[in-house]
Protein chains: 2
Amino acid sequence: MPGGRPRSFDADAALDRALEVFWRQGYEGTSLTDLTTAMGINKPSLYAAFGNKEELFGKVLARYLDGPGAYTAAALDAPTGREVVERLIHGAVALTAGEDTPEGCLCVKSVHAGGPDSHAVRQDAVAVRKAGEAALRRRLEQADDLPSHYEPAALAALVHTISDGIAVQAAAGRGRDELRQVADLALRALLD
Amino acid sequence: MPGGRPRSFDADAALDRALEVFWRQGYEGTSLTDLTTAMGINKPSLYAAFGNKEELFGKVLARYLDGPGAYTAAALDAPTGREVVERLIHGAVALTAGEDTPEGCLCVKSVHAGGPDSHAVRQDAVAVRKAGEAALRRRLEQADDLPSHYEPAALAALVHTISDGIAVQAAAGRGRDELRQVADLALRALLD
DNA sequence: GAGATAACGTACCGATAGGTATAAAACTTG
DNA sequence: CAAGTTTTATACCTATCGGTACGTTATCTC
């Protein structure tokens, strides 16, 4: 009883194209025409496969976390607390100033979508960020190699903050090499 | 020979209203209707007094730097390098998590306007940021009380990065009290 | 008070926003 | 091959976008 015309595009590949557009231009700066052009499909196909713009963004955000942003979860598997922090900070540079991807961080960009129609999108981004920081805090609670004056929650917040700063710097055009120096200096200040 | 009907609104006050809207909603998230409503004037008056949306934003950005953002220049007058850094970081918290102003930083938000029509605005914000950091670097070059392993340029970049991170955190909803703790912890890591 | 000047309010402009109705096309199942 | 199903492409919808033409109103100068 199924049947029907098969779709002529790869949904995952199309989602990746949508990710790149949203990542580069932000939610508000991206039109449906931008999306359909980049994805190589037309609007009815987009709506049938992904829902409206807001829902598509939700799926793109999930893919972002699962792909380019996966380092944040992976970093928590490092053996020591210091190494967790190092991986997060270096990972932020690699992500936000990567050579084959747009500059900046999709999540940070989305937090700054302030228009009336972007409320849900901003909330999504905020929720993702909060969950990530909570996971980092829990991981740091189990580390015993960090300078003793750090409370895990406070250190998690600070690492998150520095990571955000790196994303802004990348979005504002600072290059990868310079950004790596900033990251190394931050790590020395934090961990030495 | 002058004459003519006098304008029925205070241009400076209107600019302040425009500032608040842009600050809260970002450049792309703000429509002319949002602006005229907040400013209490209609479109022809807006265009006659401030030019188009892009030019208005330029004037708003200048006013932002001269008003809420003036602490960045004022901080450079502090007697010691340490105090300069402290004022900048604490000032970032006060600015981005102030109780009577929108959360976040207009300049950081504007950097994240990624749409095709926002190119000039993003460039403006980037230029302002670059100038600010250069001024900070020059000030730090003349400080002799900072930990000796800091190069002024690198420290300026790191302080700027942390300041950006604070702005993102504020935009993402972290409250003032928590943010102050983050700032204090960052200062201890940087300067102790 | 008569002109000249400039800001005002309204009503409008083309372009584009996000989103959909409709019908042709491409497949699976019987 | 015919029926049923789903995707495709085109063409269109309303609302709003940034921006402006135009006639009215208020002021200054003479």
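When each of A:Glu28, A:His112, A:Gln123, A:Glu54 is checked for a side chain to side chain donor-acceptor pair (under 3.5 Å) with A:Ser118, only A:Glu28 meets the rule.
Position along DNA chain D of the nearest nucleotide to B:Tyr27 versus A:Ile41 favours A:Ile41 as the more 5'-ward residue. Nearest-nucleotide mapping onto DNA chain D: of B:Thr33 and A:Pro44, the residue sitting toward the 5' end is A:Pro44.
Put simply, CG on B:Leu32 is 18 Å from P on C:dA15, counting in whole angstrom units. Rounded to whole Å, atom P of D:dT6 lies 14 Å from atom CZ of A:Arg5.
Shortest non-hydrogen contact noted between A:Cys105 and A:Ala167 is CB-CB, 3.8 Å. Residues A:Tyr150 and A:Ala189 share a closest heavy-atom pair of OH-O, 4.3 Å.
Residue B:Ser8 places at least one side-chain N or O under 4.0 Å from the OP1 or OP2 atom of C:dC8. For the pair A:Asn42 and D:dT8, the criterion of a side-chain N or O lying under 4.0 Å from OP1 or OP2 is not met. Remark: B:Asn52 is not in phosphate contact with D:dG18, judged by side-chain N or O atoms under 4.0 Å from OP1 or OP2. Considering only side-chain N and O atoms, A:Lys53 lies under 4.0 angstrom from the phosphate OP1 or OP2 of C:dG18. Distances shown here put a side-chain N or O of A:Ser45 below 4.0 Å from the OP1 or OP2 atom of D:dT8.
As judged by a 4.0 angstrom heavy-atom cut-off over every strand, B:Thr36 is placed among residues making no nucleic acid contact.
By the 6.0 Å and 45° rule, B:Lys53 stacks over the aromatic ring of B:Tyr27.
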